Enquirer: 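Would you mind keeping the following structure in view while I ask a few things?
Computed from a predicted structure; not experimentally measured. Computed over heavy atoms, backbone and side chain alike; hydrogens, waters and symmetry mates excluded. FYI, the numbering just counts along the sequence from 1.
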Amino acid sequence: GTCECERSLEKSLIWSSKARWERQMQDYFGQDYRMIGSNTMSAVHLMIFLHRSLWKYCAEVVTCHVATGFANVIGNKGSTQVAFRL
């Protein structure tokens with residue numbers, strides 16, 4: 001996972017997409033790995049990559065996040081998760 005990898009916390013509240021970062025990581029890992037899930041909460045970002053030998057065993061991918069920042073809405077604090085069955 002990363003925190004403020006592409007933008008500051010303030011900018012991440014408005015532009016939360018981490019698509020460029022995900023593409024760069026996929027290019028780095030190559031075709032033997034696949035991103036099975038990702039989740040973003042403001043500047044916090046989690047990506048899970050799985051090796052091709054395990055793809056057929058992966059199921060039930062679920063993502064979630066809990067913001068505990070200002071008014072329990074702003075994602076400057078909290079948690080993000082990607083769960084799956086292997």
Enquirer: Drop me the distance from L54's CG to Y33's OH, to the nearest 0.5 angstrom.
Expert: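 Reported value, rounded in 0.5 Å steps: 9.0 Å.
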Enquirer: Look only at the side chain of N39 and the backbone of V82, and say whether a donor-acceptor pair between them is shorter than 3.5 Å.
Expert: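 Flag not set: sc N39 to bb V82 has no pair under 3.5 Å.
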Enquirer: To the nearest 0.5 Å, tell me how far E22 CD sits from T40 OG1.
Expert: 6.0 Å
Enquirer: Indicate the ring-plane relationship of F49 and F29, choosing parallel, tilted or perpendicular according to the 30° and 60° boundaries.
Expert: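 Tilted, since the angle between the ring planes falls between 30° and 60°.
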Enquirer: Apply side chain to side chain contact (heavy atoms under 4.5 Å, CB included) to the pair S38 and H45, showing each step before the final yes or no.
Expert: CA-CA 7 Å; S38 71; H45 184 64; 4.0 Å; yes
Enquirer: Kindly work out whether a path of hydrophobic side-chain contacts (I/L/V/M/F/W/Y, heavy atoms less than 4.5 Å apart) joins V62 to L46.
Expert: no
Enquirer: For the CZ atom of F84 and the CG atom of L50, what is their distance to the nearest 0.5 Å?
Expert: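 Result: 6.0 Å between the selected atoms.
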Enquirer: Would you check, one step at a time, whether the test side chain to side chain contact (heavy atoms under 4.5 Å, CB included) holds for D32 with H51?
Expert: CA-CA 6 Å; D32 285 341; H51 189 267; 4.1 Å; yes
Enquirer: Just so I know, are the side chains of W21 and M47 near enough to count as touching, which here means a heavy-atom distance under 4.5 Å?
Expert: yes
Enquirer: Just so I know, are the side chains of M35 and Q26 near enough to count as touching, which here means a heavy-atom distance under 4.5 Å?
Expert: yes
